[in-house]
Each structure stands twice: as C-alpha cells, then as structure tokens.
> 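Structure in structure tokens, see below.
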Amino acid sequence: MNPRPQAADRPPKSPVSAATQPGAVVIGGDYQGLGIARSLGRRGIPVCVIDDEHSISRYSRYVTHDVRVPDLRSDDSIVKELLSVGERLNLKGWVLFPTRDEIVAAISRRRAELTAWFRVPTPCWESIQWVWDKRSTCEIARKLQLPIPETWNPQSVADLAQINTPFPLAVKPAIKEHFFYTTRAKGWSAASPEELSALFQRAQAIAGTDEILIQDMIPGGGAYQFGYCAFFKDGEALGSMVSRRRRQHPHDFGRASTFVETVEHPEIEALSKKLLSGINYYGLVEVEFKEDPRDGQFKLLDINARTWGYHTLGAAAGVDFSYMLYRDQLGEPVTAARARAGASWMRMLTDFPTAVLDIANGRISFSEYLRTLRTFDTEAVFSLKDPLPGIMECLLLPYLIVKRGF
C-alpha cells in the first residue's frame, strides 16, 4: 500500500513527534471522523486519517497525516492497510478510532494482530458479536428482558404467511454492511403482503436468505427516537448523554440524524446500562431506542460500537467523548461527566432539505425550523476556526450523493 504522495508524503501540519506523544488514527474521514480529529487536534494531539473515499477531514488544520488507501471493506484489507500505514508513518502506540461498523468488526476480530502496534479501544469479539448481527442483538435483548420490536427471520417467501401483524412492516438486514452499500438504505417499508413478498425477495438477492429480518415498524419519525451515548467502562458510564432526534433523513427509516437535542431520560439510561453491562462493553457507544406510541415502551433498535454521527454534540453539552477515550487509553485519569440537557447539534447540509420536506408535510412549522437555526449549539462540519472541510463538503456534494446517497 502506498499512500497518496500529496497526503502521506507531505510534512506534518504540526511539529509533533510520534515518538514523544501518541496520536490518534481515525479510520474514515467523513464528518464523524472530522469531529474526532478536531476534538483531539485542538489539544495538540497528532491525528492520522485513513480513508478509502474522498475525505473532508484531510482539509482540516487539525489533521497531521491523511492517507488514501484502496479498500477498507474486508477484514484482510482493513488490517493490512492499518499495519502498513502504522509502520510507514511510525504510529506505534497510537489509538485507533474506527467510524464504520465493518471497521469495528474487523478490528475486533483481528484485535490480537493490531494490539502489537496500536492501542485498540474496540472491545473483543465476545462483546462486538452482539452488536454486529441484529439476530444476536435481538437474542441478547430477549435474554436481558429488554423491549424490542417484534422480529422474524423468514427463510423463504412461504414463511411470510406466518407473520400475522398489521402493516407496515420493515424489511431489514441482520448485518447492515451486506445491504447498505448496494441499496444506500437501512431498510425498506412494506405496506402490503404483495409488497412484503417483493421486497423480501429483492433483499434476499442482495444479502442472502438468512440475513433478512422482518420487523414490526414502530410508527412515528425521529422525534420518537432516542440515543444513549456513553464512554462505558467496567459497568459504568464515565461519560454519558441522552439524545432525541428531532429531524432525520429519510423521515421513516432514518439513515442519519440531521438535528438532535440532548434530554434527560432515566429510563433510556437504565435500559442502556443493563444492556452494556450484559455484554461486558468497553468504549464509546450509542444505543438507539424508539418509543412505541402504541404501548409506551422504549424498544431497542440498534447499537453503534463506535463514535456516532452527532458525537460532537457531547462536547457542546460538556462531555468530549473522543478525548475521554483517548485519555483512558493512555492510562490518564478521566473525570466523569454527564451532558446537560437542552444542547443541540445540526448538520445543516442535510438538515435543510429534511426540514423543507417536514414543513411541506406538516410535521414542523417554518417558525419552528427558524428557531432551531437561531439556537443550535454546534454544527457538524462548518467551523470558522477550521473552515476548509465545510467548503470542501459543499464541493464534494455530487460525489457524496452518488457514493452514499448522502
């Protein structure tokens, strides 16, 4: 693997020695990775961003090295590229920060190889297995008696006849990556038996028969969706934040948040701590729940064993998750912190079209949208202190739409 000459071969942006101060290796340089780079870089910590896509993080003043690699999809390619870049740039003892689920899985499965060179905060596979495959997530949730949407794993079209639940139903992959990179969707909604059959067969062709789940679709948009965000260690949250999605895109199957607020919610905290303790979890995590207005239960949707899209909201609310993890990996003391309620985060580039659709469909008023524009605390990308990533994201918008569906 040879990094791009203009990136890896250029002098570091800041005169930091890898031998005297371990840095951070951020794998994936979109706005999520940019948030990690800014959190650490503004404290003088060197940051290397590795990506197989055009990365906005490479334009940040806080990034010391940026490396473009051919592929970060398979376990072999991920481990190979990490070790190659680590040796070439002398990143011995640097802390790994994965930003995508397939990278988390690869690091977890091949942890022994990577710990010989890096500090690896990603938990062992014994913990990550419950996160990686939603069949396993449902299994551990049932074992711990956590509410989940009613879920089926049919093996054929004929099995669909056994599902006796009102429509709409969700057609989802058990392993997101085997589905998402083809469809650019987290799942599909089926409004009738005929549509369910058609979508099930289409999903089968993409991800295979055994990986397709049918799930009761909880009504309501992002306002019913909550996230428990934490730096979790030894059964406790050293850093914690509960969030509520006010807007997301798409509206029903939110692939990503566009406007998020922090809230107080003891029940979400209790459910999440029970789950994370049950799988012996360590590190940064977001646990997603959705309130079911039909029975009032908060039902587990997903677990992200990494930084999440809006993790920079934590710093605005008093909990800098990336820095807490970095300090803990270096054996430095970490002061426990809890996010204040009422802080908000926006990704304006995606929130504006989302808000336009919500206004057109009567989900929010124009005055409500203007109020969020005036009062939000932090923006995902745009920063006067670090402006180039925001400019480049606008210029890269056509590429991002094609590559990820944005």
Side-chain angles (χ1 to χ4, degrees), residues 73-75 100-102 104-105 109 125 128-222 224-225 248-256 275 278-279 287-305 404-405:
R73 293 283 295 277
S74 70
D75 286 14
R100 303 174 196 157
D101 292 336
E102 65 270 26
V104 169
R109 284 191 285 246
W125 186 247
I128 294 299
Q129 64 177 325
W130 303 109
V131 176
W132 171 245
D133 189 325
K134 285 185 174 58
R135 292 166 294 190
S136 298
T137 305
C138 291
E139 179 185 343
I140 193 66
R142 293 187 189 103
K143 181 179 178 181
L144 296 173
Q145 297 183 324
L146 298 176
I148 58 172
E150 196 169 3
T151 305
W152 300 266
N153 183 204
Q155 301 301 297
S156 68
V157 173
D159 291 343
L160 299 178
Q162 301 174 18
I163 301 174
N164 186 24
T165 298
F167 286 86
L169 293 172
V171 181
K172 301 171 70 172
I175 299 173
K176 183 178 72 176
E177 284 60 38
H178 297 172
F179 183 86
F180 176 78
Y181 286 109
T182 299
T183 66
R184 301 293 184 263
K186 290 180 71 174
W188 297 320
S189 174
S192 67
E194 295 75 22
E195 189 174 17
L196 178 63
S197 177
L199 290 176
F200 175 72
Q201 292 178 76
R202 182 181 168 194
Q204 276 187 315
I206 295 168
T209 300
D210 194 48
E211 284 194 17
I212 305 305
L213 302 179
I214 309 299
Q215 207 166 57
D216 176 28
M217 194 162 178
I218 301 172
Y224 288 89
Q225 195 157 323
Q248 63 180 8
H249 77 98
H251 173 72
D252 292 326
F253 263 113
R255 187 169 64 246
L275 172 64
I279 62 174
V287 186
E288 296 182 12
F289 291 88
K290 190 168 185 180
E291 181 182 6
D292 191 333
R294 299 167 299 185
D295 58 18
Q297 288 191 313
F298 295 91
K299 296 179 179 177
L300 177 66
L301 295 184
D302 207 355
I303 312 168
N304 294 310
R404 298 187 202 146

> Please report the closest heavy-atom contact between Gly221 and Gln248, naming both atoms and the distance.
C-NE2, 4.1 Å
> Does a side chain donor of either Thr209 or Gln155 reach within less than 3.5 Å of an acceptor in the other side chain?
no
> Tell me, yes or no, whether the heavy-atom count around Gln145 atom CD, taken from other residues, nucleotides or ligands under 6.0 Å, exceeds 12.
no
> Is there a side-chain contact between Glu102 and Tyr181 in this structure, where contact means two heavy atoms from C-beta onward sitting under 4.5 Å apart?
yes
> How about Phe167 and Leu196: do any of their side-chain heavy atoms sit closer than 4.5 Å?
yes
> Can you check whether Phe298 reaches Pro147 side chain to side chain, under 4.5 Å on heavy atoms?
no
> So Leu199 and Ser189, do their side chains get closer than 4.5 Å, heavy atoms only?
no
> Verify side chain to side chain contact (heavy atoms under 4.5 Å, CB included) between Trp152 and Leu160, making sure each step is shown before the conclusion.
CA-CA 9 Å; Trp152 300 266; Leu160 299 178; over 6 Å; no
> Is any side-chain heavy atom of Ser136 closer than 4.5 Å to a side-chain heavy atom of Gln129?
no
> How long is the straight-line distance from CD1 of Ile148 back to NZ of Lys290, given to the nearest 0.5 Å?
15.5 Å
> Indicate yes or no for a side-chain donor-acceptor contact from Arg135 to the backbone of Asp210 under 3.5 Å, with no hydrogens or angles considered.
yes
> Any sub-3.5 Å donor-acceptor pair from Gln201's side-chain atoms to Ser197's backbone N or O?
yes
> Look at the side chain of Lys186 and the backbone N and O of Pro173, then say whether any donor-acceptor pair between them is shorter than 3.5 Å.
no
> What is the distance from atom CD1 of Ile175 to atom CG of Asp133, rounded to the nearest 0.5 Å?
4.5 Å
> Indicate yes or no: at least one non-hydrogen side-chain atom of Met217 is less than 4.5 angstrom from one of Leu169.
no
> Kindly say whether the aromatic ring centers of Trp188 and Phe200 come within a distance under 6.0 Å.
no
> Before you tell me yes or no, could you show the steps for Asp216 and Thr151 under side chain to side chain contact (heavy atoms under 4.5 Å, CB included), namely the whole-Å CA-CA distance, both residues' side-chain angles and the distance that decides it to 0.1 Å?
CA-CA 6 Å; Asp216 176 28; Thr151 305; over 6 Å; no
> For a quick test of reading the model, state the closest non-hydrogen atom pair linking Ile218 to Arg294 and the distance between them.
CA-NH2, 4.0 Å
> List the steps, then state whether side chain to side chain contact (heavy atoms under 4.5 Å, CB included) holds for Glu288 with Asn304.
CA-CA 8 Å; Glu288 296 182 12; Asn304 294 310; 3.1 Å; yes
> Taking all atoms of both residues into account, what is the closest heavy-atom pair of Asn153 and Ile212, and its distance?
ND2-O, 2.9 Å
> Quick one: does Thr137's side chain have a donor or acceptor within less than 3.5 Å of a partner on Trp130's backbone?
yes
> Set out, in order, the CA-CA distance, both residues' side-chain angles and the distance that settles side chain to side chain contact (heavy atoms under 4.5 Å, CB included) for Val171 and Ile214, then state yes or no.
CA-CA 5 Å; Val171 181; Ile214 309 299; 4.0 Å; yes
> For Arg109 and Trp132, work out which heavy atoms get closest and say how close.
NH1-NE1, 3.8 Å
> Can you name the closest pair of heavy atoms from Gln215 and Pro149 and give their distance?
CG-CB, 3.6 Å
> Can you measure from CD (Gln225) to CG (Leu301) and round to the nearest 0.5 angstrom?
5.5 Å
> Looking only at heavy atoms, which two atoms of Val104 and Ala305 are closest? And how far apart?
CG2-O, 3.5 Å
> Is there a salt bridge (charged side-chain N to carboxylate O under 4.0 Å, His left out) between Lys176 and Asp302 once you walk through the steps?
CA-CA 11 Å; Lys176 183 178 72 176; Asp302 207 355; 5.4 Å; no
